[in-house]
Amino acid sequence: MVEVRDLTKNYGKFTALQNVTFSVGKGQVIGLLGPNGAGKTTTMKILTTFMPQCAGSAVIGGNDTRVNPMEVRRMVGYLPESNPLNLEVTVLEALHFVAKIRGIAPKERSKAVAKIVDMCRLQSVQKKVIGQLSKGFRQRVGLAQAMIHDPQVLVLDEPTSGLDPNQIADMLNLIKELGRDKTVIHSTHILAEAEDTCDRVLILSRGVLVADSHPAKLARNAQGHQMVLRIENSNPEMAQKLSTLDWVQNTEQYGDLWHLYSSEKRDMGKELAEFCRVQNWLVSELAYKEPNLEQVFAHLTRRGDAQ
């Protein structure tokens, strides 16, 4: 459904995207992750034909964004982070207007609006002026506008930005529902959202795609594992002795609790337990800890190396 090949975008001497390549099939929810300035919004603007790339290609449903931009726009629904809304009209008025400019036939507009109001759970506010709505309902209106023409691909830029926990949960549940039969690409800074919602995550760093995988698989294959160790009556001098273990790259102390970081992917529990016994340290906790998506994200975006 979405095919991106060697996508590159330069702003003068600054490279916002460099040879980014990925594909997304129908019925997939993809999380686009990265720190500020990583190239997420630039990617989304190219996919939605708001700006052209400098090199490479982006093809949606067989239509190249530069060759057939109007066909791409018919296939895509876009919710930008700014969520531009007319605050002086009602929800129904806004949706009927968007349905009209989207080319939905007059006889079909009311049916399309009713369907999207129900899908986005806007029944209770459909006759209210948008300016009087909460941030959560405004996000739903923006999503409804993006979906009114029943697009095959949805591009959502920070759709949960500024929402409270309950509103975030509602939005994520809606995204998961949409992902059953549509292609959904959404950016987020909240890694727990990606783990809960996405079939795959794409991580951008400095305009380079540094990871493309399922969140759990990405964590399993990541470099940078750790042992958690609790030593009764710990003291800072223990760090020097722990660092003599050849697999220990870094240590962190939190009272009696130690985190020992290693690039190796094996469980060093037996070796560590024997080491502590020799040192005559009293160990009350020892566990191997798999890295989570947050640690993987920090590791990849600090390095900026393509993988």
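Just so we're clear, the structure is a prediction, and the values are computed from it rather than from any experiment.
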> Are the side chain of Q253 and the backbone N or O of G255 linked by a donor-acceptor pair below 3.5 Å?
Replying inline: yes

>> Is it true that, when you exclude K26 itself, more than 12 heavy atoms of the residues, nucleotides or ligands shown sit nearer than 6.0 Å to its NZ?
In response: no

>> Let me confirm one number: the CG-CG distance from D181 to D150, rounded to the nearest 0.5 Å.
In response: 8.0 Å

>> With heavy-atom distances below 4.5 Å as the criterion, would you say the side chains of L202 and L209 are in contact?
In response: yes

>> Between Q139 and L163, is the side-chain contact (heavy atoms from CB on, under 4.5 Å) condition met? List the steps.
In response: CA-CA 9 Å; Q139 285 294 87; L163 304 188; 3.7 Å; yes

> Between V4 and V20, what is the shortest heavy-atom contact and its length?
Replying inline: CG1-O, 3.3 Å

> Could you state the interatomic distance from SG (C198) to NE2 (H214), rounded to the nearest 0.5 Å?
Replying inline: 9.0 Å

> So which heavy atom on L95 is nearest to which on V141, and how close?
Replying inline: CD2-O, 4.5 Å

> Considering only heavy atoms from C-beta outward, does the side chain of M51 approach that of K9 to under 4.5 Å?
Replying inline: yes

>> According to ring-ring contact (aromatic ring centres under 6.0 Å, His included), does anything in residues 2-28 pair up with another residue at least two apart or in another chain? List the pairs.
In response: none

> Rounded to the nearest 0.5 Å, how far apart are SG of C120 and CD of Q145?
Replying inline: 10.0 Å

>> Please check this pair: side chain of D118 against backbone of Q123, looking for a donor-acceptor N/O pair closer than 3.5 Å.
In response: no

>> E177 vs R121, test: salt bridge (Lys or Arg N to Asp or Glu O under 4.0 Å). Steps then yes/no.
In response: CA-CA 13 Å; E177 290 176 16; R121 304 181 185 99; 3.0 Å; yes

> Given side chains that start at C-beta, do those of M171 and I168 come closer than 4.5 Å, heavy atoms only?
Replying inline: no

>> I'd like to know if E3 and R5 make a salt bridge, using a cut-off of under 4.0 Å between side-chain N and carboxylate O.
In response: yes

>> Within the 3.5 Å criterion, strictly below it, is a donor on E193 or T188 matched to an acceptor on the partner's side chain?
In response: yes

>> Are Y288 and L257 connected into the same hydrophobic cluster when the rule is that any two of I, L, V, M, F, W, Y join if their side-chain heavy atoms are below 4.5 Å apart?
In response: no

>> Donor-acceptor check, side chain of T90 to backbone of E93, threshold 3.5 angstrom: yes or no?
In response: yes

>> Contact between D64 and S57 at the side-chain level, heavy atoms closer than 4.5 Å - yes or no?
In response: yes

> Can you get from V129 to L122 by hopping between Ile, Leu, Val, Met, Phe, Trp and Tyr side chains that sit under 4.5 Å apart?
Replying inline: no

Which pairs would a plain distance check flag for residues 232-239, meaning a side-chain donor or acceptor within less than 3.5 Å of a matching protein atom at least two apart in sequence or in another chain?
from	atom 1	to	atom 2	distance (Å)
E232	OE2	S284	OG	2.9
S234	OG	I231	O	2.6
S234	OG	W258	NE1	3.0
N235	OD1	E237	N	3.0
N235	OD1	M238	N	3.4

> Going through the distances and angles, do W281 and K241 end up as a side-chain contact (heavy atoms from CB on, under 4.5 Å)?
Replying inline: CA-CA 12 Å; W281 294 341; K241 291 187 176 181; 3.9 Å; yes

>> Please determine whether residues F275 and V228 belong to a single hydrophobic cluster, defined as Ile, Leu, Val, Met, Phe, Trp and Tyr linked transitively by side-chain heavy-atom distances below 4.5 Å.
In response: no

>> To the nearest 0.5 Å, what is the distance between CG on L204 and CG on L17?
In response: 6.5 Å

> Going from CG on N250 to CG on L242, what distance comes out if it is rounded to the nearest 0.5 angstrom?
Replying inline: 11.5 Å

>> According to a hydrophobic-cluster definition based on side-chain heavy atoms being under 4.5 Å apart (Ile, Leu, Val, Met, Phe, Trp, Tyr only), do V91 and L87 belong together?
In response: yes

> Does a side-chain heavy-atom distance below 4.5 Å link L154 with T183?
Replying inline: no

> What residue among L178, V29, L32 forms side chain to side chain contact (heavy atoms under 4.5 Å, CB included) with H186?
Replying inline: V29

> Under 3.5 Å, side chain of K182 to main-chain N/O of P151, donor-acceptor pair present?
Replying inline: yes

> Is it true that L7 and V59 fall in one hydrophobic cluster, defined by side-chain heavy atoms closer than 4.5 Å?
Replying inline: no

>> Using a strict threshold of under 4.0 Å (side-chain N to carboxylate O), is an ion pair present between D212 and R200?
In response: yes

>> Within the supplied structure, the quantity of interest is the number of heavy atoms (other residues, nucleotides, ligands) at a distance under 6.0 Å from E274 CD; does it exceed 12?
In response: yes

> Given side chains that start at C-beta, do those of C54 and N10 come closer than 4.5 Å, heavy atoms only?
Replying inline: yes

> Can you check side-chain contact (heavy atoms from CB on, under 4.5 Å) on V153 and M1, steps first, answer last?
Replying inline: CA-CA 8 Å; V153 177; M1 183 57 68; 3.5 Å; yes

> What's the shortest heavy-atom distance between L143 and L156, and which atoms?
Replying inline: CD1-CD2, 3.7 Å

>> Show every ring-ring contact (aromatic ring centres under 6.0 Å, His included) that has at least one partner inside residues 57-91, sequence neighbours left out.
In response: F50-Y78

>> Under a 3.5 Å distance rule, please check whether N68 uses its side chain to pair with a backbone N or O of E71 as donor and acceptor.
In response: no

> Do P35 and R206 come within less than 4.5 Å of each other through their side chains, counting heavy atoms only?
Replying inline: no

>> If I compare all heavy atoms of P159 with all of S187, which pair ends up nearest, and what's the gap?
In response: CD-O, 3.5 Å

> Mind checking whether M147 and I116 have side chains closer than 4.5 Å, heavy atoms only?
Replying inline: yes

>> Testing the basics here: between I185 and L47, what is the closest heavy-atom pair and its distance to 0.1 Å?
In response: CD1-CD1, 4.0 Å

>> Could you report the tightest heavy-atom contact between S161 and K135, atom names first, then the distance?
In response: O-NZ, 2.9 Å

> Counting only N and O atoms by type, is there a donor-acceptor contact under 3.5 Å from the side chain of E108 to the main-chain atoms of A105?
Replying inline: no

>> Quick one, R140 with L133, criterion side-chain contact (heavy atoms from CB on, under 4.5 Å). Give me CA distance, side-chain angles, the key distance, then yes/no.
In response: CA-CA 10 Å; R140 291 194 205 178; L133 302 182; over 6 Å; no

>> To the closest 0.5 Å, what do you measure between NE2 (H149) and CE (M75)?
In response: 9.5 Å

> Do K176 and D196 sit within salt-bridge range, that is, some charged N less than 4.0 Å from a carboxylate O?
Replying inline: yes

> Taking 4.0 angstrom as the limit, do K45 and D157 come out as a salt bridge?
Replying inline: no

